[in-house]
Student: 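Okay, here's the structure, questions in a sec.
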Amino acid sequence: LWPWLLASSGLSALVQLVTLPFFPDSPSYLLIQKGNEEACRKAIRKLWGEGDHQAEIDDIMKEKVAMTSTKTLRVLEVIKERSLRWQLYILMTVMTTLQLCGINAVESRFEEYLIPYVSLGVGLCECLSSILCSTLIDRFGRKVLLWGGYTLMCSVLALLTMTLSLQHQFFWMHYFSVILIFLFVIFYGTGP
């Protein structure tokens, strides 16, 4: 029963995966990142209905101007920048508290000697996914990350259900399950 309960969380990901193509892209993403004003207007009409939405487009254009006047920092520059220290401390605190999110409950399905390695690996995967997400969201946009994240999460959960069911038949299945958990955490962190 436990593997099926774990796999059931993929149901919400599957529902979102099926409905995601019917949602428009973010108007600010279309205008700021893509530079496509017509697609932005179309997305605004789809989200808010017909009408004059020039004020919203003007706000997005002001945001675009403000963004072009600010310098984009690389990761090392952010770490060295004194004015961003408090934001960095808050981010590190949030990432640290992600350990309490419940994903570590899966560890109870493994033998005692594997649990510390799984816990450490999940923490490293959470850090890696937060770095990847901040890099990938600017390049691909939220919709692509959501689409890919949910697709990969559903696939990983299906495989994880099989590996947890077969872990008593094959000695190496424990290790494969651990790898799948790491992949799930990365796909969850970079996607949804």
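Note that these values count all heavy atoms, side chains included, but never hydrogens, waters or copies made by symmetry. Remember, it's a predicted structure, so these values are computed and weren't measured experimentally.
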Student: Output the distance between atom NZ (K80) and atom CZ (R85), rounded to the nearest 0.5 Å.
Tutor: 11.0 Å
Student: Linking I/L/V/M/F/W/Y whenever their side-chain heavy atoms sit closer than 4.5 Å, directly or via other members, would W172 and I181 fall into one cluster?
Tutor: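 Yes; tracing contacts between hydrophobic side chains, which count when under 4.5 Å, links both residues.
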Student: Minimum heavy-atom separation for M153 to Y188, with atom names?
Tutor: SD-CA, 3.7 Å
Student: Compare every heavy atom of I186 with every heavy atom of S129, then report the nearest pair and how far apart it is.
Tutor: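 Heavy atoms only, the tightest pair is CB-O, 3.6 Å.
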Student: For L88 and I79, work out which heavy atoms get closest and say how close.
Tutor: CD2-CA, 4.0 Å
Student: Output the distance between atom CG (L159) and atom CZ (F184), rounded to the nearest 0.5 Å.
Tutor: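 The CZ atom of F184 is 12.5 Å from CG of L159, to the nearest 0.5 Å.
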Student: Rounded to the nearest 0.5 Å, what separation is found between the CZ atom of F182 and the CG atom of L124?
Tutor: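 Answer for the CZ-CG pair, F182 versus L124, is 8.0 Å.
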Student: Are I57 and L47 connected in the hydrophobic side-chain network, where two residues link if heavy atoms are under 4.5 Å apart?
Tutor: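 Same cluster: I57 reaches L47 through Ile, Leu, Val, Met, Phe, Trp or Tyr contacts under 4.5 Å.
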Student: In terms of side-chain geometry, is the basic nitrogen of E56 or R45 positioned less than 4.0 Å from the acidic oxygen of its partner?
Tutor: no
Student: Under 30°, 30 to 60°, or over 60°: which ring-plane class applies to W86 and Y89, parallel, tilted or perpendicular?
Tutor: perpendicular
Student: Is there a path of hydrophobic side-chain contacts, each under 4.5 Å between heavy atoms of I/L/V/M/F/W/Y residues, joining L14 to F23?
Tutor: yes
Student: Identify the two heavy atoms, one from K64 and one from L31, that lie closest to each other, and give their separation to 0.1 Å.
Tutor: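 Looking at all heavy atoms of both residues, the shortest contact is NZ-O, 3.7 Å.
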Student: To the nearest 0.5 Å, tell me how far L160 CG sits from F176 CZ.
Tutor: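 If we round to the nearest 0.5 Å, L160:CG and F176:CZ are 9.5 Å apart.
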Student: Hey, does R41 have a side-chain heavy atom less than 4.5 Å from the side chain of Q54?
Tutor: yes
Student: Below 4.5 Å, heavy atoms only, C-beta onward: do P21 and W147 meet side chain to side chain?
Tutor: yes
Student: Mind checking what makes side chain to side chain donor-acceptor pair (under 3.5 Å) contact with E63, not counting sequence neighbours?
Tutor: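 By the side chain to side chain donor-acceptor pair (under 3.5 Å) rule, E63 matches no residue at all.
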Student: Give the cluster check for I179 versus F171: same hydrophobic cluster or not, with ILVMFWY residues linked at side-chain heavy-atom distances below 4.5 Å.
Tutor: yes
Student: Which atom names give the shortest non-hydrogen contact between Q87 and S83, and what distance separates them?
Tutor: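 For Q87 and S83, the tightest heavy-atom pair comes out as OE1-O, 3.4 Å.
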Student: So, Q169 side chain and L166 main chain: donor-acceptor pair closer than 3.5 Å or not?
Tutor: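 Between the backbone of L166 and the side chain of Q169 there is no qualifying donor-acceptor contact (under 3.5 Å).
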Student: Quick one: CD1 on I44 to CD on E37, what's the gap to the nearest 0.5 Å?
Tutor: 9.0 Å
Student: Taking ILVMFWY side chains as joined if any heavy atoms are under 4.5 angstrom apart, and letting links pass through other members, which residues group with Y29?
Tutor: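 Under the 4.5 Å side-chain rule, Y29 groups with L30.
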Student: Considering all heavy atoms of both residues, which atom of C40 and which atom of P27 are nearest to each other, and what is their separation?
Tutor: SG-O, 3.5 Å
Student: Mind running side-chain contact (heavy atoms from CB on, under 4.5 Å) on F187 and V156 for me, showing each step along the way?
Tutor: CA-CA 9 Å; F187 297 147; V156 166; 3.7 Å; yes
Student: State the CG-OG distance between L183 and S155, to the nearest 0.5 angstrom.
Tutor: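 It comes to 11.0 Å.
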